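What follows is a single structure, written as structure tokens, with notes after it.
Sequential numbering from 1 along the given sequence is applied to the chain's residues. Counting starts at 1 for both ligands and their atoms, following the listed order. Everything numeric in this text was worked out from a predicted model, so none of it was measured.
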Amino acid sequence: MKIKSVRTRVFEWQGKVTPPAANFCTNAADILYERGDSMGSFRFHGWLVCEVETEDGTIGIGNAALAPRVVKAAIDHYYAPMLIGEDPFDTEYLWQKMYRKTHAWSRKGIGMTAISAVDIALWDLMGKEVGKPIFKLLGGRTKERIRCYASKLYGQPIEALRAEAQSYVDQGFDAVKMRFGWGPKDGPAGMRKNLELVAAVRDVIGPDRDLMCECYMGWTFEYAKRMLPKLEAYDIRWLEEPVIADDIEGYTELRKLGRVPISGGEHEFSLAGFQQLLDRRALDVIQYDTNRVGGISAARKINALAEAYQIPVVPHAGQMHNYHLTMASTASPMAEFFPVHDVEVGNELFYYIFKGEPQPDNGFLQLDDNRPGLGLELSDEHLGSFNVIE
Ligand SMILES: O=C(O)[C@H](O)[C@H](O)[C@@H](O)CO
Ligand SMILES: [Mg+2]
């Protein structure tokens, strides 16, 4: 059975977008002089869908959220021609072919994201051909169900933040992730506001739930070093991406301080990238996203490496391409879960494009042993609100 076509489409949301509150999340662009909409760089209002079809009409679905229009071009011009006529079960050969034939520019970023989208489609195809979910192809179920953490709690007025945190407690989550809204430019007053946020959420969820805090690369090493002792009192499960992804030394030094666990990795790519992070003991928790890091073929290798290093893997984002990896690996204790709501940052857009995503029950997710492949289909429920670029 051979691959006969590769179709890429970009789904760009045209519907209502709920504007974020001021200071809803620090980010890498905050350090610049302009204040404006420094968050523009990480709204995910466009999504790439890659469909690989075989001669017997089976279609495997992959996706990517980073720079979808550019990723589409990379697949259309470079990777699709490499796949036509190939056997979709030759995932390792095809992964190496894509990686090595474009090695000059595909090690990280756009190229590796494009490879990820194609690779996820190939694994979906394999699962559909043998009638098994992807996690069964990866070694099967290592947990009865997947513990997940509710991930939103962007910076907002304290009372609204408390109410949102309470809603996750009421839904049965025993772990939540919040976002810091201030960074180095905001001085001591910003530090105080950040601490007010974390104090409020910790107060609502109580001492027996995990609390994670997201900086989205919006701090600096110096600022993070000053914040860590102030955060210790709140017993946070991890401080996420305090510095930019290239500052591996900064991660390593912050981790060495041993005051608060440090996590990162959603902006790292490939097995080689994670070998560096693990070898340099840079992180207490690694968080690749399967639709960026190199697909399922790369993510499963990173899970194995993390198992050897005894570093837990909690992939960035929920979404099925990550849930299968978590289900099939003892190195991955839990998953991130983006609550379903009106479109804001765009993490939630996945639910408007696909159907089949599991919803948590009392803070746990379940995967279906009998749903083959990725377990997703394209949804036409919101199609009218998208501009679809063929
Ligand atoms: O860890 C995350 O969920 C990401 O960093 C978010 O996608 C981003 O929205 C920042 O909170
Ligand atoms: Mg993050």
Self-check item: Atoms of ligand 1 close to Y154 [distance to a heavy atom under 4.0 angstrom, numbered from 1]
Solution: 8 (C), 9 (O), 10 (C), 11 (O)
Quiz item: Would you say ligand 1 has an N or O under 3.5 Å from any N or O of Y216?
Solution: no
Quiz item: Will you find, in the side chains of Y168 and E164, an N or O donor that is under 3.5 Å from an N or O acceptor?
Solution: yes
Exercise. Answer with yes or no whether the side chains of Q14 and S385 bring together a donor and an acceptor at under 3.5 Å.
Key: no
Exercise. Using a strict 4.0 Å cut-off to heavy atoms of R179, name the atoms of ligand 1 that fall inside it.
Key: 2 (C), 3 (O), 6 (C), 11 (O)
Quiz prompt | Plane angle bin for Y79 and W105 - parallel if under 30°, tilted between 30 and 60°, otherwise perpendicular | solution = tilted
Quiz item: If we only count N/O pairs under 3.5 Å, is Y149 in contact with ligand 1?
Solution: no
Quiz item: Do the ring planes of Y351 and F337 sit parallel (below 30°), tilted (30 to 60°) or perpendicular (above 60°)?
Solution: tilted
Quiz item: Going by the order shown, which atoms of ligand 1 are within less than 4.0 Å of some heavy atom of F338?
Solution: 3 (O), 7 (O)
Quiz item: atom 1 (O) of ligand 1: which of K177, E348, E241, M212 has the nearest heavy atom?
Solution: K177
Quiz item: Any N/O/S atom of E241 sitting less than 2.8 Å from the Mg ion (ligand 2), backbone or side chain?
Solution: no
Exercise. Look at the side chain of Q96 and the backbone N and O of Y93, then say whether any donor-acceptor pair between them is shorter than 3.5 Å.
Key: no
Quiz item: Does the side chain of Y288 come under 3.5 Å of the side chain of N322 through a donor N or O and an acceptor N or O?
Solution: no
Exercise. Would you mind telling me if ligand 1 is within reach of the side chain of H316, the backbone, both or neither, using heavy atoms under 4.0 Å?
Key: side chain
